[in-house]
Asks: 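Encoded as structure tokens, here's the structure I'll be asking about.
The chain is numbered in sequence order, starting from 1.
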Amino acid sequence: QVPLVESGGGLVQAGGSLRLSCAASGSIFRFATMGWYRQAPGKERELVATITNEGSPNYRDSVKGRFTISRDNAKSTVYLQMNSLKPEDTAVYYCNSRFLAASLWGQGTQVTVSS
């Protein structure tokens with residue numbers, strides 16, 4: 001078991017920025033693909049961004065150019081820098097760790113973007 005703990009959510013106005021952090025424990029962090037997902041009320045959970053163990057990122061189209069995922073293996077932490085936030089970004093953001101058949105989730109952190 002590798003606990004994942006998200007932080008950094010909050011309330012911001014449209015156009016603002018937030019930086020989410022996900023702190024992990026366990027020796028498998030550096031081998032895992034890390035990701036950020038989000039779920040808005042009444043909607044399905046969706047992929048926001050992923051980053052491989054070697055640092056290759058991938059983003060859903062709606063956040064390209066605005067969000068940046070990064071990781072610090074020495075700190076066992078993955079980040080999501082969110083700029084130019086829009087109301088449609090409002091959701092609970094979840095950190096995910098995936099390695100082989102294992103998939104772990106954090107508790108989520110709320111991001112609310114007002115108009």
Side-chain angles (χ1 to χ4, degrees):
Q1 290 186 294
V2 181
L4 303 174
V5 181
E6 302 99 331
S7 62
L11 173 64
V12 298
Q13 293 184 334
S17 298
L18 286 172
R19 185 174 177 84
L20 306 183
S21 298
C22 173
S25 62
S27 61
I28 67 169
F29 176 86
R30 71 183 191 276
F31 300 112
T33 292
M34 303 298 297
W36 288 97
Y37 295 72
R38 66 188 182 188
Q39 187 167 23
K43 297 183 179 180
E44 296 182 351
R45 187 173 298 187
E46 64 183 20
L47 171 72
V48 178
T50 61
I51 185 166
T52 70
N53 62 306
E54 295 187 346
S56 297
N58 190 49
Y59 305 91
R60 72 180 299 108
D61 287 344
S62 63
V63 307
K64 288 181 179 177
R66 299 189 298 122
F67 291 10
T68 302
I69 188 170
S70 61
R71 67 192 294 162
D72 186 338
N73 288 343
K75 296 181 178 180
S76 296
T77 301
V78 63
Y79 305 94
L80 185 68
Q81 178 66 47
M82 304 185 294
N83 299 325
S84 301
L85 283 162
K86 304 175 181 179
E88 51 262 45
D89 295 317
T90 295
V92 177
Y93 283 69
Y94 297 91
C95 181
N96 173 259
S97 174
R98 177 164 49 86
F99 179 66
L100 298 178
S103 183
L104 302 175
W105 296 90
Q107 83 289 346
T109 185
Q110 177 70 48
V111 172
T112 303
V113 185
S114 63
S115 300

Asks: I'd like to know whether NZ of Lys43 has more than 12 heavy-atom contacts from other residues, nucleotides or ligands below 6.0 angstrom.
Replies: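 No, NZ of Lys43 has 12 or fewer neighbouring heavy atoms, counting only those of other groups under 6.0 Å.
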Asks: As an exercise, state the distance from CD1 of Ile69 to CG of Asn58, rounded to the nearest 0.5 Å.
Replies: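 Answer rounded to 0.5 Å: 9.5 Å.
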Asks: Using a 3.5 Å distance criterion without hydrogens, assess whether the side chain of Thr90 forms a donor-acceptor pair with backbone atoms of Val113.
Replies: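 Yes; judged by distance alone, with no hydrogens or angles, the pair exists.
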Asks: With hydrophobic residues grouped by side-chain heavy-atom distances under 4.5 Å, do Tyr94 and Leu47 end up in a single group?
Replies: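 Yes, because Tyr94 and Leu47 connect within a single hydrophobic cluster, where side-chain heavy atoms sit under 4.5 Å apart.
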Asks: Would Ser17 and Val12 count as a side-chain contact (heavy atoms from CB on, under 4.5 Å) if you check the C-alpha gap in whole Å, the side-chain angles of each, and the deciding distance to 0.1 Å?
Replies: CA-CA 7 Å; Ser17 298; Val12 298; over 6 Å; no
Asks: Answer whether the closest heavy-atom distance between the side chains of Leu20 and Met82 falls below 4.5 Å.
Replies: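 When only atoms from C-beta onward are counted, Met82 and Leu20 do touch, with a gap below 4.5 Å.
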Asks: To the nearest 0.5 Å, what is the distance between OH on Tyr37 and CZ on Arg60?
Replies: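 CZ of Arg60 is found 10.5 Å from OH of Tyr37.
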Asks: Decide yes or no on side-chain contact (heavy atoms from CB on, under 4.5 Å) for Arg30 and Asn53, but give the supporting numbers first.
Replies: CA-CA 6 Å; Arg30 71 183 191 276; Asn53 62 306; over 6 Å; no
Asks: Is there a side-chain contact (heavy atoms from CB on, under 4.5 Å) between Val63 and Arg38 once you walk through the steps?
Replies: CA-CA 12 Å; Val63 307; Arg38 66 188 182 188; 4.1 Å; yes
Asks: Cation-pi check, Arg66 to Tyr59: give yes when NZ or CZ is under 6.0 Å from the six-membered ring centre and within 45° of the ring axis, no otherwise.
Replies: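 Not satisfied by the 6.0 Å and 45° rule.
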Asks: Got a second to check how far Gln110's CD is from Glu6's CD, nearest 0.5 Å?
Replies: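 Result: 12.0 Å between the selected atoms.
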Asks: May I ask you to check whether over 12 heavy atoms, not counting those of Arg45, lie within 6.0 Å of atom CZ?
Replies: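 Count over threshold, so yes.
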Asks: Looking only at heavy atoms, which two atoms of Ser25 and Pro3 are closest? And how far apart?
Replies: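 Minimum heavy-atom separation between Ser25 and Pro3: OG-CD, 2.9 Å.
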Asks: For Glu88, does the CD atom have more than 12 heavy-atom neighbours from other residues, nucleotides or ligands under 6.0 Å away?
Replies: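 Enclosed.
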Asks: Hey, could you give me the CD/CG distance between Gln81 and Leu18, rounded to the nearest 0.5 Å?
Replies: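 It comes to 8.5 Å.
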Asks: If you compare all heavy atoms of Phe29 against all heavy atoms of Asp72, which two are closest, and at what distance to 0.1 Å?
Replies: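 Where Phe29 meets Asp72 most closely, the heavy atoms are CE2-O, 4.1 Å.
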Asks: Side chain of Arg71, backbone of Thr52: donor and acceptor closer than 3.5 Å?
Replies: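 At least one qualifying donor-acceptor pair exists.
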Asks: Would you name the heavy atoms of Val111 and Gly9 that are closest together and state the gap between them?
Replies: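 Smallest interatomic distance, heavy atoms only, reads CG2-CA, 4.2 Å.
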Asks: For Val5 and Gln107, work out which heavy atoms get closest and say how close.
Replies: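 Looks like CA-OE1, 3.6 Å.
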Asks: For the pair Cys95 and Trp36, evaluate side-chain contact (heavy atoms from CB on, under 4.5 Å) and give the outcome as yes or no after the intermediate values.
Replies: CA-CA 5 Å; Cys95 181; Trp36 288 97; 4.1 Å; yes
Asks: Determine whether a donor-acceptor pair (N or O, by modelled atom type, separation under 3.5 Å) exists between the side chain of Arg98 and the backbone of Gly35.
Replies: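 A pair under 3.5 Å: no.
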Asks: Are the charged groups of Asp89 and Lys86 less than 4.0 angstrom apart, N to O?
Replies: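 Judged by the 4.0 Å cut-off on N to carboxylate O distance, Asp89 and Lys86 do not form a salt bridge.
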Asks: At their closest point, which heavy atom of Ala91 faces which heavy atom of Ala40, and how far apart are they?
Replies: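 What the structure gives for the nearest pair is CB-N, 3.8 Å.
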Asks: Do Ser7 and Thr109 have side chains that approach each other closer than 4.5 Å (heavy atoms only, starting at C-beta)?
Replies: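 They are not in side-chain contact.
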Asks: Parallel, tilted or perpendicular: which describes the rings of Tyr93 and Phe67, with under 30° parallel and over 60° perpendicular?
Replies: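 Answer is tilted, since the angle falls between 30° and 60°.
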Asks: Scan Cys22, Ser97, Ser21 and name whichever one has a side chain to side chain contact (heavy atoms under 4.5 Å, CB included) with Val78.
Replies: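 Going through the options one by one, the only one that passes is Cys22.
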Asks: Hey, could you give me the CD1/OH distance between Ile51 and Tyr79, rounded to the nearest 0.5 Å?
Replies: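 Taking CD1 in Ile51 and OH in Tyr79, the distance rounds to 11.5 Å.
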Asks: So, taking the atom named CD1 in Ile28 and the one named CG in Leu100, what distance separates them when rounded to the nearest 0.5 Å?
Replies: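 Here the rounded value is 8.5 Å.
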